[in-house]
Amino acid sequence: MASLAKDAIKPVILWFRRDLRLDDNQALNAAHLSGRPIIPLYINEPASAGTGPLGAAQAWWLHHSLEALDRSLHERQGRLVLASGEALEVLRAVIKKSGAKAVFWNRRYDPSGISVDTHIKQELEKQAIEARSFGGQLLHEPSRLMTGSGTPYRVYTPFWRALEGAGEAEPPLEAPAKLRLASQRPASETLKSWKLLPTKPDWAKDFTDLWTPGEQGARERLSAFVEEELKGYKENRDYPAKPATSMLSPHLALGEISPARIWDATRGLSNRVPAADIVHFRKEIAWREFSYHLLFHFPRLASENWNDRFDGFKWRYDDGDFEAWRRGMTGYPIVDAGMRQLWRHGWMHNRVRMIVASFLIKDLMIDWRDGEAWFRDTLVDADPANNAASWQWVAGSGADASPFFRIFNPMLQGETFDPDGDYVRAHVPELQRLGVKYIHRPFEAPKSALDEAGIILGQTYPKPIVDHASARDRALAAYKATKDAA
DNA sequence: TAATTCTTTGT
DNA sequence: CAAAGAATT
C-alpha cells in the first residue's frame, strides 16, 4: 500500500538553467513544497536553440558549476540529470520516462530565453503538463518598475530611485535541507562528454587559482566581500590594483547566487560600514537590474544600436588593430594590462573595461559588437544584458549612454586610477622595471629610462598602434559626419 | 562613471 | 597670468 501511495504522486521536473543554486530558488522551493518527488534536470541546449553561443570561458565555469550543483544535490540524496538537445524535446522525453506531470523553472529575461520559455510553456500545457515559471533572477520583474506614464525607464537615475522606492523585496528563501527525489531517475549523460573544458588546458590554468565556481564559492565570496571590502568600496572600487570589488559577477551570471541574497547581505551593517559604501555597491547591482530592464523592454539592444543614429557610423574594419587589442598589444599599458587580465583570469576590473572599450570604439573606431563578442567569449561573467548594455553605454548608442565625445585618454585614466602602475606591472611583465613616471606612457620615456628598464619599444613592448590625440580627432570627425547625415 | 579648450576671476 | 569655472566636443 505504501508504495502504491508513493507512486500515485507524480514527480515534478525542476529545470535548472542559469540559476545553478539551491539557495533562494523559487522554483525549487515550490517543487519541494508541492510534496512531489523532484527530478533535477540541466539541459545542454544547442546554440541554435536561440540560447546564444556559450563563450569558452563561461563554458569552463559552467562545467565546474554543474559539478558543484550535483555535489550539493548529492548531499541531499539527489543527483543532477544531464541531457542534451532541444529543451522541449528533452523535457518531453524525461516526462515520458518518468511520468512527471509538472515542470518548474525560474524565468529568464533575455530575448531568446523569453521566447524559448514561452514556446515550451505553451507546448507543455497542450499536453496537460503543469508548466510553472518563477522569478528571483532579478530583484523585481522588469514589467513591475515603470515610469509614472507607464513606459519603461530609459535613464538610470530615475530607475534607481524607483528601485529604492519599491521597498524591500521578499527575503531570500533558504535551500530546503532535504529533498525528496524521484525514485525513477532518468539516465544522465556525463558532464565530461559535453566537452565544456578548453582543449588547451593551460589557457584556464589561472582560473582555478582565482575562482571557485558553484554556490558555495559564491556565498563565501559574498561573505568575504561584505567583511573585508565593502567598507571603503565607494573610494576603492575604481582602482584596479586593489582587491576592492565583489567579484561576484560570474556567480551572478550563472545564477549561483541571487541578487536578493546579495541585497540581503548588505542590510543591517550601518554601524560597521558607511551608508555611502553600501549604496554604491547596491547601485552596481542596480545597473545589472537596469540592463535587464532595458533588454526585456528593448530586445534589439542585444545586437543593434539602441539609438539608430549610430547605424550610419563608419566603423573601421582593421583586423590588425582588432588583433592587437584582443592580445593586449596596443602599446597603451592600461589597455594592454586589461586585455591580458581578461585572457588570464576570464575577468577584467570594471574601470578597465570602460577604458579598453572606449579605446576599441573610439581610438580604433571598431564596431562595439566586435568588442562585445570578444568579451562574451572570454569573460567568465558573460551576461547577455550587462554585456550588451554596457558596450552600448560606452559607444554612446545605448540608453542613458555616455556621450560619444566622452573619449577616455588611456594615459590619464591610467595615471588617475593606477597611480603607482601596479596594475600594469601585474599584467604586462615587459614593463615590470619601468618607473612610475612613464609606466602609462612608455613611448614618451627618454632612452635612458627605457634602457634601464630593459625595454626596446617595437621589440619587447609595442609602440602605440595609434596616436591617441589624432585618433580622438578622427573619431570626433566621424561622429560629426554621422550626426550631419542624420 | 571625460577631456580639452575657451572664458572669467583673483592676485 | 595662474587657477578656477564654463562651454564644447
Side-chain angles (χ1 to χ4, degrees), chain A residues 153-161 163-164 232-242 244-246 249 276-291 293-294 306-307 309-310 312-314 332-335 338 348-365 368 371-372 375 381 385-419 423 440-441 444 464 466-486:
Chain A
Y153 284 98
R154 296 153 190 264
V155 184
Y156 175 72
T157 304
F159 176 84
W160 162 251
R161 285 200 205 100
L163 188 64
E164 269 190 312
Y233 178 77
K234 183 187 177 200
E235 178 65 21
N236 297 331
R237 46 166 292 216
D238 260 325
Y239 295 87
K242 296 184 182 184
T245 62
S246 76
S249 54
D277 290 324
I278 296 171
V279 168
H280 273 257
F281 176 63
R282 287 183 162 190
K283 277 187 163 173
E284 295 303 312
I285 302 298
W287 271 108
R288 169 181 182 273
E289 198 85 359
F290 183 53
S291 298
H293 182 84
L294 290 171
W306 186 81
N307 177 346
R309 178 208 285 172
F310 281 80
F313 191 87
K314 292 272 182 287
Y332 287 93
I334 192 76
V335 174
M348 195 194 309
H349 185 277
N350 183 249
R351 164 60 52 182
V352 190
R353 292 190 198 198
M354 293 192 283
I355 300 170
V356 303
S358 176
F359 190 83
L360 183 77
I361 295 167
K362 319 227 168 146
D363 288 66
L364 301 183
M365 277 176 53
W368 62 265
E372 192 272 337
F375 270 30
D381 64 28
N386 280 336
N387 205 23
S390 303
W391 273 93
Q392 295 229 47
W393 184 87
V394 176
S397 59
D400 194 21
S402 168
F404 184 86
F405 43 75
R406 183 179 286 170
I407 297 173
F408 282 56
N409 178 320
M411 291 83 83
L412 293 179
Q413 286 285 318
E415 284 158 0
T416 307
F417 297 110
D418 184 33
Y423 178 75
H440 292 292
R441 46 183 89 222
E444 290 177 12
V466 290
D467 169 63
H468 174 68
S470 38
R472 180 176 187 276
D473 292 342
R474 177 176 72 178
L476 289 173
Y479 176 65
K480 191 172 183 302
T482 57
K483 215 167 72 167
D484 294 345

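Naming: A, B, ... by sequence-line order, numbering from 1 per chain.
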Legend entry - Short N-O contact, Glu164(A) and Arg282(A), less than 4.0 angstrom: no

Legend entry - Gap separating the OG atom of Ser397(A) from the CD1 atom of Ile361(A), nearest 0.5 angstrom: 7.5 Å

Polar-atom pairs under 3.5 Å, protein N or O versus N or O of nucleotides 3-7 of chain B: list them with distances, or write none.
unit_1, atom_1, unit_2, atom_2, d
dA3(B), OP1, Gln413(A), NE2, 2.9
dT4(B), OP1, Asn409(A), ND2, 3.2

Inset, instruction - Take the protein atom CG of Leu476(A) and the nucleotide atom C1' of dA7(C), then report the distance between them rounded to whole Å. - result: 15 Å

Legend entry - Nearest-Å distance for atom pair OH/P, residues Tyr239(A) and dT1(B): 14 Å

Inset, instruction - Respond yes when some side-chain nitrogen or oxygen of Arg406(A) is under 4.0 Å from OP1 or OP2 of dT8(C), and no when none is. - result: no

Legend entry - Separation of dT1(B) C1' from Trp393(A) CH2 (nearest whole Å): 5 Å

Legend entry - Pair Ser470(A)-Asp467(A), side-chain donor/acceptor within less than 3.5 Å: yes

Inset, instruction - Could you walk me through whether Phe359(A) and Phe408(A) pass the ring pair (Phe, Tyr, Trp, His ring centres under 6.0 Å) test, one step at a time? - result: CA-CA 7 Å; Phe359(A) 190 83; Phe408(A) 282 56; over 10 Å; no

Legend entry - Interatomic spacing from OH in Tyr479(A) to CD1 in Ile407(A) - rounded to 0.5 Å: 10.5 Å

Legend entry - Integer-rounded Å distance: dA2(B) P and Asp473(A) CG: 20 Å

Legend entry - Nucleotide dA2(B), atom C1' - distance to CD of Glu415(A) in whole Å: 15 Å

Legend entry - Centroid-centroid distance, Tyr423(A) to Phe417(A), less than 6.0 Å: no

